[in-house]
Amino acid sequence: MMAIVGERSSCFKRVPLIERYRSFLPLSDSSPIVSLLEGFTPLVRVDRLASRISDKITLYVKFEGMNPTGSFKDRGMTMAISKAVEAGSKATICASTGNTAASAAAYSARAGLVCAVILPKGEVALGKVSQSMMHGAKVIAVDGNFDDALRIVLEITENYPITLVNSLNPFRIEGQKTGAFEICDDLGHPPMYHAIPVGNAGNITAYWAGYRAYHEAGVIDRLPIMLGFQAAGSAPIVEGRPIPNPQTIATAIRIGNPASWKQAEAARDESGGLIEKVTDEEITEAQKLLAATEGIFCEPASAASVAGVIKKASEGFFKTQCEVVCVLTGHGLKDPKRAIEICPPFIELPADTDAVAREMKLI
Ligand code: F0G
């Protein structure tokens, strides 16, 4: 009998993500499942936004901010932590721009494991830091960038019995494949184009693996074209060289030497797609447009997928009527400081009805 950690929480017939897609995942009958009931995130059709972009596209966004810790990382983490428990591990570690850390901290807490997260000092959005701290992880900020943090974590896991839960852990990629399964299940077929932000390049690798797995199993009869987008100041794959000092306001993807570089290129080339860059201004514009036209608040890195689609549409890339899915990888509340900075200030008034009505031009 399979053991589900916290079994009683699986009420309302909602099953753990990796239980639902078990036949596509490396789980045995005796594998424990550590779950916070992640996945099954909304695939929202966004016609109002699409009409602002192109008359050629039907646009959907997969809002991964609706996962338990507010990002897509939970898909991979439920798998990685379940397998860590199965292997008898007592401790986990990751390098992170914030979301992997939040997810690792939460799922480790759920499983009763000790967790350490190594962050680039001063470059992690506020919401993400608060999550790692609240979940009781050992939070260490190093005087360097994500690439430095990853190097340190790799050296530690080579020498000490601690489970690495970065996407170099193959179970992370396995779990994240489920995003592709859900998109195909919801649409009833794969989209024509799949747009996604690229940082350490694990997620584009996972989505492509997921689409291929469904294709090989005969669930879908064709594959989507993968469109990856990096931030212009942190675009090693686009530039074709590591970026020693990557910069972007989208701190989640501020990465100069992605671990899954080759796999991302394979996803691009095998699907006949592309990996291009979008500027911080384009990212910010897309984030605001999505929030203001559709009521969906994603974090800056996530908006890179929408910014990329806007850019490609303006170049005349979408020539015939087609479906496009943008993955919105994390929730906007992860980075409230940035959101407040990019909006006009709110108005302060005395607690007086006439003053408010006047401001609203009612009188
Ligand atoms: N979007 C968000 C919100 C992310 O947090 C990340 C990566 C990405 C996109 C890029 O995904 O790395 O698989 O290409 N965040 C990692 C972290 C690096 O540590 O949280 P990727």
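In this text the structure is predicted, and so the values were computed from the model without any measurement. Start at 1 and go down the list; that is how both ligands and their atoms are numbered.
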Just which atoms of ligand 1 are under 4.0 Å from any heavy atom in [X]?
| X | result |
| --- | --- |
| Ser96 | 17 (C), 19 (O), 20 (O) |
| Lys73 | 5 (O), 6 (C), 7 (C), 15 (N), 16 (C), 17 (C), 18 (C), 20 (O) |
| Asn200 | 12 (O), 14 (O), 21 (P) |
| Thr97 | 15 (N), 16 (C), 17 (C), 18 (C), 19 (O), 20 (O) |

Please determine if [X] has a nitrogen or oxygen closer than 3.5 Å to a nitrogen or oxygen of ligand 1.
| X | answer |
| --- | --- |
| Gly202 | yes |
| Thr100 | yes |
| Glu299 | no |
| Ala301 | no |

Which segment of Ala252 sits under 4.0 Å of ligand 1 when only heavy atoms are counted: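 Near ligand 1, Ala252 shows its backbone as well as its side chain.
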Any idea which part of Lys334 is under 4.0 Å from ligand 1, heavy-atom wise: side chain, backbone, both or neither?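 The answer is neither; Lys334 stays 4.0 Å or more away.
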Could you find the nearest protein heavy atom to [atom] and give me its residue, atom name and distance?
| atom | result |
| --- | --- |
| atom 5 (O) of ligand 1 | Asn99 ND2, 2.8 Å |
| atom 9 (C) of ligand 1 | Thr329 OG1, 3.5 Å |
| atom 8 (C) of ligand 1 | Ile253 CG2, 3.6 Å |
| atom 11 (O) of ligand 1 | Phe72 CZ, 3.5 Å |
| atom 13 (O) of ligand 1 | Asn203 N, 2.8 Å |

Hey, is [X] close enough to [Y] for a salt bridge, meaning N to O under 4.0 Å?
| X | Y | answer |
| --- | --- | --- |
| Arg338 | Glu299 | no |
| Arg212 | Glu216 | no |
| Glu174 | Lys83 | no |
| Arg254 | Glu123 | yes |
| Lys311 | Glu282 | no |

Between His189 and Glu323, does any side-chain donor sit less than 3.5 Å from a side-chain acceptor?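 Checked: His189/Glu323 side chains pair up, N/O donor to acceptor below 3.5 Å.
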Say whether Lys73 and Gln176, considering side chains only, have a donor N or O and an acceptor N or O under 3.5 Å apart.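 Per modelled atom types, Lys73 and Gln176 side chains form no pair under 3.5 Å.
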Testing Tyr21, Tyr211, Phe40 one by one against Phe181 for a ring-ring contact (aromatic ring centres under 6.0 Å, His included), which residue passes?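 The ring-ring contact (aromatic ring centres under 6.0 Å, His included) with Phe181 is passed solely by Tyr21 among Tyr21, Tyr211, Phe40.
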Proximity flag [X] to ligand 1, non-hydrogen atoms under 4.0 Å:
| X | value |
| --- | --- |
| Ala201 | yes |
| Lys128 | no |
| Ile255 | yes |

Parallel, tilted or perpendicular: which one describes the rings of His194 and Tyr207, with boundaries at 30° and 60°?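 Correct class here is tilted.
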I would like to know whether Arg20 and Asp185 meet salt bridge (charged side-chain N to carboxylate O under 4.0 Å, His left out); could you show each step before the answer? CA-CA 12 Å; Arg20 155 115 181 248; Asp185 291 349; 3.3 Å; yes
If only atom types and distance count, is the side chain of Asp74 paired as donor or acceptor with the main-chain N or O of Thr69 below 3.5 Å?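 Side chain of Asp74 to backbone of Thr69: a pair is present.
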